[in-house]
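Sequence lines set the chain letters: A, B, ... in the order given, protein chains first and strands last, and positions in each chain run from 1. We use all heavy atoms of the structure for the numbers below, so side chains are in, but hydrogens, waters and symmetry mates are not.
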Amino acid sequence: MSKRIAKKLLVIGWDAADWKVINPLLDSGQMPALEKLINRGAMGNMATLDPPLSPILWTSIATGMTADKHGILNFVEPNTVSGDIQPVTVTSRKVKAIWNILTQQGLKTHLVGWWPSHPAEPINGISVSNFYQKAVGKIDEPWPMADGMVHPESLKEIFAGLRVHPAEMTEAHFGPFVNDYRKVNQEKDPGLHNLATLLASCSTIHSAATWIMENNEWDFMGVYFDTIDHFCHSFMKYHPPRMNGVPEEYYELYKDTVSHCYRFHDMMLERYMQLAGDDATIILLSDHGFHSDHLRPKRLPNEPASPALEHSPFGILCMAGPGIKHDERIYGATLLDIAPTILSLFGLPIGRDMDGKPLLQAFSEEHSPEFIESWEKVPGNAGMHPPGMQQDPWAAQEAMQQLIELGYVEALEGDKATRIKKTKNESDFYLARVLIHAKRYKEAVVILERLHSENPAIVRYGLRLASCYMQLNRTRDLRITIDSLRDKDSKHLPQLDLLEGMLLIAENKPRKALEFFRKAEKSVAHLPDLHIQTGNVYTRMQRWTDSSRAFETALGIDSNNAVAWHGAGLSHLRLGRYEEAADALMNAVGLNHFFPEAHYHLGESLFRLEQYEEAAQAFRVAVRLVPGYKKAHQWLVRIYEEQLQQPDMAANSRKFMNEQIKGTIYVVSGLPRSGTSMMMQMLNAGGLSVLTDNRRANDENNPKGYLEYERIKNLAKDNSWVEEANGKAIKVIAPLLQFLPAGYNYKIIFMERDMNEVLKSQQKMLGKDPTVFPAGLADAFQKQLDRTEGWLKAQPNMDVLYIDYAEVVADPLEQAENIESFLGADLDIKAMASAVDKNLHRNKATI
Amino acid sequence: MSDIKQGSPAGPENKGPQEHYQIPVEGSLGLLALGAAGIKAWREKRDAALKAGEKKTK
């Protein structure tokens, strides 16, 4: 067993807390407790998961697993007793949460309010469920404690007395949240009522958690507050700067309400820090952020869980106490890392089936985590409910009502069966999104194809399906889906134009793609992805001023977008603005540490600024993230040998280069007569050296020459000459690709041409009747192409660009840009384009 | 929010607010932020004041 680092651990969850709101409050001294915690600990962004729905996310935090494994997939679920839907319960969780694992290890473990945690699990300590704080009825009416709200049941009476009813809230409580509460017109403005309700719920959770800490021993204490999230959903629209359409009167009343909510949480935090003591390790975190600026949506679509559109992708993380570094920044943390981190803090092994990693960068001591296959296989009492347990549907009514009021769940309309069907569909949709977030597109497609075919009118299902097809390069299916969605789309969704543009990029038609991006921009300019895609197109065209402008626009919309920072940084770099480049790329890696290209370009920028040590550091990170990152190794060799005079430091990269990578060979491939000679001529004209023995002379079939190399025909038996092709272009027809030796990187331009045209050209070349279509041969060729494509996908050292022959003939300049961008070589694009003779495009498909 | 006192009036000994703090009958955010101890102290004060009011009325 590893060393236990934390004597005791307090985990505080602030749903939706966001540094963007917190930072100004810290700067003005309005969150002194958090300031203290930060100063004696480590802090950073917490990357959320998709979909950003709290019950799913907090279960991922507690289990270290994605939702496909932990099983919590929605705000609601079917109740088999009532035959209706109810708020999601802990009995749907399929795996152990951290408190179950700690219970199993005999640690004293308490939990309050976690979402979902009802019915309270029989852990080794006290568990208070997330239904506990919801008030029922008026102050003088009975407020019973439903079964399952508290474990152990013997504490039911005490916890009943710890609750705070909204009617107990006085002006002294809710008054400070509003600038002049006396001006609130309670006839038509529910603001004060909402405030009192939220404050009472929050105080109930706090009361229960503090009582536990005051009266019980503990190793682990977890407490979760939904208050910031709920306050933000009600009052963020009034937060400064004033949004268009918000009446002055309301703005003046509520403009500080969100800030006051954070300050109240800071006061509660102070109490937790006191009760925990200096020997406790504390983790404070949120599951996502909340847009507080111009990214606040002006209106929400009428669909389930639409309030989640107000969530932003980065929450907060702060760790402090014994075992945690002081004044340290944590990079690259995700929600999935919390459970493995907690296990490491207690010196316990991490399950290999967990999806996160321990945040060792925050630990003050060296720590080597241990692993086990899975905690699910560890026998013993883990304080869980028996399988198949179903909870009383009536206990859930108040929680259900709150979900409806918050807009997370639709009002209960229609019959029960319809509601259950809708819930099942939404849960499946969220599961598909979980899989997409994990880049498991094939599995997501299976779910989304069913949802889309059964519910063609629900455009969001089709849009997600289309983006999966995009990722899988299933361009034909993507085209069909986009067309079918366009038929349904009465509002003209800009997302469709965005997808269409991306499809065109996949088809190597970036100029046409730009037209769609511009069209989308006209109807909705606030999608950062739109400007990022535009920037990517300009990057391919090496139009750096334009790409810089597009990425800056994306950043104006979302300054937390690492991809946009990288694009802006690369544009600055190519424009020779090295300081701006380095700043932008620092932001990119700060937001997403696991971004090797951004580290690479940061290294290049720092090199240009003659900051060689720092540049080497950036390249080292790139290599650590992608050990086979050849160009980064090349830079390291150059910097250590030439700039820093540390040849010993260059040794590793030099060794890697010598052993692993002999060089890059540029290959033109495809079927015979698919345009491979034309492509060789383009590369040759562009300035790329070509390996040819010129044995095959030009003829009427190829008046400009074949540019072939005789020995290639014998490649299957003899590849000893391949070294001659290093750094050069060579023609290798498709069936021979598999005989290229390992040890080189290959950049393959694969020519595609209409099969009829290919066969007609071949027939003619062989002196056969070109009007006779050899169907058997066409079938054999097609199978060969499919096999080759599948094989190429599995080759780590082969990058492939598929180029359509007809597209080259139609727009040689655009294709020359695509090819140059793909090869990453400095070629003369205009010369490449001028090597294409449109008159040679003769054998059009007329068979 | 000028009437909110930052920090806990209960002090590190966690003895509750009574010894250190004048409890307002109408309560305060500071007392709520103290958690169970603060709420208990406030309720006692509030209920005592209510009882005293009832006696006066009688």
Which portion of [X] sits near chain B, non-hydrogen atoms under 4.5 angstrom:
| X | value |
| --- | --- |
| A:Leu199 | side chain |
| A:Glu171 | neither |
| A:Met169 | side chain |
| A:Val178 | neither |

Query - Portion of B:Ile39 that has a non-hydrogen atom of chain A nearer than 4.5 angstrom - result: side chain

Is [X] atom [atom1] crowded by more than 12 heavy atoms from other residues, nucleotides or ligands, each under 6.0 Å away?
| X | atom1 | result |
| --- | --- | --- |
| A:Glu157 | CD | no |
| A:Asp278 | CG | no |
| A:Glu217 | CD | no |

If I take atom [atom1] from residue [X] and atom [atom2] from residue [Y], how far apart are they, to the nearest 0.5 angstrom?
| X | Y | atom1 | atom2 | answer |
| --- | --- | --- | --- | --- |
| A:His206 | B:Leu34 | NE2 | CG | 7.0 Å |
| B:Leu29 | A:Met267 | CG | CE | 5.5 Å |
| B:Leu31 | A:His173 | CG | NE2 | 7.0 Å |

Nearest heavy-atom pair of [X] and [Y]: which atoms, and what distance?
| X | Y | answer |
| --- | --- | --- |
| A:Thr210 | B:Ala36 | OG1-N, 2.9 Å |
| B:Gly27 | A:Ala172 | O-CB, 3.2 Å |
| B:Ala33 | A:Arg271 | O-CB, 3.5 Å |

Requested in this report: Heavy atoms only, distances under 4.5 angstrom: which of A:Ser203, A:Cys202, A:Gly277 has the most pairs with chain B? Name it, please.
Outcome: A:Ser203

